[in-house]
K.L.:
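Let me begin by handing over the structure; questions about it come next.
Below, read A as the first sequence line, B as the second, and so on, with proteins coming before strands; counting in each chain starts at 1.
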2 protein chains.
Amino acid sequence: MAKAIRKSLPEAGQGGPVSDRTLRGFAGYNMKRAFNAVQADLARTLEPFGLRMMTFTALVLVIDNPDLSQTQLAGALAVERSNLVVIIDDLEQAGLITRNPSPTDRRSHALRATLAGRRLCERALQAVRAHEEKLLGGLGENGAAALIAALQTVEQGNRGGE
Amino acid sequence: MAKAIRKSLPEAGQGGPVSDRTLRGFAGYNMKRAFNAVQADLARTLEPFGLRMMTFTALVLVIDNPDLSQTQLAGALAVERSNLVVIIDDLEQAGLITRNPSPTDRRSHALRATLAGRRLCERALQAVRAHEEKLLGGLGENGAAALIAALQTVEQGNRGGE
DNA sequence: CAATAATTGTTATTCGACATAACAATTATC
DNA sequence: GATAATTGTTATGTCGAATAACAATTATTG
């Protein structure tokens, strides 16, 4: 059980594990580490579909909000319009979405998913749902819901800082 | 201050706001958005101390684990040794830590915080604790603890994915 | 209506986080 | 003692994110 501490405390210099204890008390530290783990596994989940996290998210939003503009999508994704261009380029060159002329504003593009885009997204969504079930398996049904609710509370309560 | 919000929002073109509903069901999406909000506020909290998130974390770990090597610290921070060099440079040039010769291995450095480093870290820790209390205020005492526990469960359960 | 301002998508550039490759000095291994 | 492995380091490339500038178009306003 309690493996006796061999010599004395200063075993950091050699092989002992590095102590986290101060940082583990912070929610931000735990959020970063948990998100890193999730992100790595999610990237592996999406890679067979030729999607990255950003392109997957953008594709889902375009499907759920047909004909939205790049400015609107950039706002929803919390990225700059200039950075969204390459994301849209990626999805368009993959044949998953199209840039259509807006009937009301000749400056803006009305983004719409192609049939191939909707089909690929449906398959990717299944994979991501399976990935999430594996992820949250240790929390139980209501534990996962509680985590999501808590995260939304933190996000909402910390929104006016900017 | 009852100025209408209409103009300040990204103007939803024709429809209303952009719908999140599909993505909101995923824990990963909520984690990313919540962490982004936390990260932004934390950066503002640490900025008066001349610390970034990475240097703050490294400083805390050096204080909690005196005489650890850069390879050990890189492992704890989950960054490459090559990227840790600039972080250590930053902290050393700020007079917060020192690179000392290891008594047992002339290749490695035994990192140690200076008195100024420990004092600055103590003040920064107080600020970060206040930041976290503001952050998690909407969750209640045990709600915050439950969030941290859930995040650790997710991190642990998703560790062997590589 | 005309002149000016604001918006949209875009390019170029910069910055920071992150990974890889190579290297000298040192240590470990055979 | 020759060879391999490790430590810190530099250089380089990728990727996400931020800013500035620009042409085309729309909105505002005098």
Side-chain angles (χ1 to χ4, degrees), chain A residues 13-15 32-33 35-37 39-40 42-44 46-47 51-58 62 67-93 97-111 162, chain B residues 6-14 32-33 35-37 39-40 42-43 46-47 50-58 62 67-93 97-111 162:
Chain A
Q14 266 293 352
K32 172 165 183 162
R33 294 192 72 97
F35 179 65
N36 280 352
Q39 193 177 30
L42 179 57
R44 282 191 295 267
L46 290 175
E47 193 237 359
L51 294 172
R52 290 164 301 158
M53 237 161 314
M54 212 51 170
T55 53
F56 168 72
T57 307
V62 169
D67 285 338
L68 88 171
S69 71
Q70 293 185 197
T71 295
Q72 287 177 301
L73 181 55
L77 290 169
V79 305
E80 295 298 316
R81 293 196 313 276
S82 54
N83 295 326
L84 183 65
V85 173
V86 299
I87 299 171
I88 300 299
D89 285 349
D90 188 336
L91 289 170
E92 192 177 38
Q93 287 164 16
I97 69 173
T98 52
R99 283 188 242 232
N100 306 108
S102 163
T104 68
D105 191 334
R106 290 197 299 177
R107 293 171 298 184
S108 73
H109 293 156
L111 303 176
E162 190 82 13
Chain B
R6 300 167 189 173
K7 200 58 192 262
S8 73
L9 288 179
E11 189 115 1
Q14 46 187 13
K32 172 163 182 165
R33 295 192 70 99
F35 178 65
N36 280 353
Q39 193 177 30
L42 179 58
L46 290 175
E47 193 236 0
L51 295 172
R52 291 164 301 157
M53 236 161 315
M54 211 51 171
T55 54
F56 168 72
T57 308
V62 169
D67 286 337
L68 87 171
S69 71
Q70 294 185 198
T71 295
Q72 288 176 300
L73 181 54
L77 290 169
V79 306
E80 295 299 314
R81 295 197 313 277
S82 53
N83 296 325
L84 183 66
V85 174
V86 299
I87 298 172
I88 299 299
D89 285 348
D90 188 336
L91 289 170
E92 191 177 39
Q93 286 164 17
I97 70 172
T98 53
R99 283 189 241 231
N100 305 108
S102 164
T104 67
D105 191 334
R106 289 197 300 177
R107 293 170 299 182
S108 72
H109 293 158
L111 303 176
E162 190 84 14

K.L.:
From T57(A) OG1 over to L51(A) CG, what is the distance, rounded to the nearest 0.5 angstrom?
P.N.:
9.5 Å
K.L.:
Start at the 5' end of DNA chain C and walk down; is the nucleotide closest to I88(A) or to K32(A) reached first?
P.N.:
I88(A)
K.L.:
What's the CD1-P distance between I97(B) and dG8(D), to the nearest Å?
P.N.:
12 Å
K.L.:
Which atom names give the shortest non-hydrogen contact between D90(A) and R52(A), and what distance separates them?
P.N.:
OD2-NH2, 2.8 Å
K.L.:
With rounding to the nearest 0.5 angstrom, report the CG to OG distance, L68(A) to S102(A).
P.N.:
11.0 Å
K.L.:
Are the side chains of Q39(A) and K32(B) in contact, using a 4.5 Å heavy-atom criterion?
P.N.:
no
K.L.:
In whole angstrom, give the distance that lies between atom CE of M53(B) and atom P of dC18(C).
P.N.:
10 Å
K.L.:
Is the shortest side-chain N/O distance from R107(B) to OP1 or OP2 of dT9(D) below 4.0 Å?
P.N.:
no
K.L.:
Could you work out which one of dT10(C), dG16(D), dT9(D) sits closest to the side chain of S82(A)?
P.N.:
dT10(C)
K.L.:
Taking CD from Q39(B) and C1' from dG16(D), how many angstroms apart are they, rounded to a whole number?
P.N.:
12 Å
K.L.:
At under 4.0 Å between heavy atoms, what does E80(B) touch on the DNA or RNA strands: base, sugar-phosphate, or nothing?
P.N.:
base
K.L.:
Check whether any side-chain nitrogen or oxygen of R99(B) sits under 4.0 Å from OP1 or OP2 of dT9(D), and answer yes or no.
P.N.:
yes
K.L.:
For N36(A) and L68(A), find the nucleotide of DNA chain C closest to each by heavy atoms; which residue's nucleotide sits nearer the 5' end?
P.N.:
L68(A)
K.L.:
Please state whether the phosphate of dT7(C), meaning OP1 or OP2, lies under 4.0 angstrom from any side-chain nitrogen or oxygen of Q70(A).
P.N.:
no
K.L.:
Counting side-chain heavy atoms from CB outward, which of dT27(C), dT10(C), dT9(D) is closest to D105(B)?
P.N.:
dT27(C)
K.L.:
If you find the nucleotide of DNA chain D closest to M54(A) and the one closest to R81(A), which residue's nucleotide is nearer the 5' end?
P.N.:
M54(A)
K.L.:
If you look at every heavy atom in L77(B) and A58(B), which pair is closest and at what distance?
P.N.:
CD1-CB, 3.9 Å
K.L.:
Looking only at side-chain N and O atoms, does T71(A) come under 4.0 Å of OP1 or OP2 in dG9(C)?
P.N.:
yes
K.L.:
Calculate the interatomic distance between N83(B) atom CG and dC15(D) atom C1'; express it in whole Å.
P.N.:
13 Å
K.L.:
Within the structure, does a side-chain N or O atom of Q72(B) lie under 4.0 Å from either OP1 or OP2 of dT7(D)?
P.N.:
no
K.L.:
How many whole angstroms separate atom CG of L46(B) from atom C1' of dG16(C)?
P.N.:
16 Å
K.L.:
In whole angstrom, what separates L77(B)'s CG from dA17(C)'s C1'?
P.N.:
13 Å
K.L.:
Quick one: is dT7(C) close enough that its OP1 or OP2 comes under 4.0 Å of any side-chain N or O from R106(A)?
P.N.:
no
K.L.:
With a cut-off of less than 4.0 Å, is there a side-chain N or O of R52(B) near OP1 or OP2 of dA17(C)?
P.N.:
yes
K.L.:
Rounding to an integer number of Å, can you tell me how far I87(B) CD1 sits from dG8(D) P?
P.N.:
14 Å
K.L.:
Could you state the atom-to-atom distance from NE2 of H109(B) to P of dT27(C) in whole Å?
P.N.:
12 Å
K.L.:
Taking the side chain as every heavy atom from C-beta outward, state whether R99(A) and L111(A) have any pair of such atoms under 4.5 Å apart.
P.N.:
yes
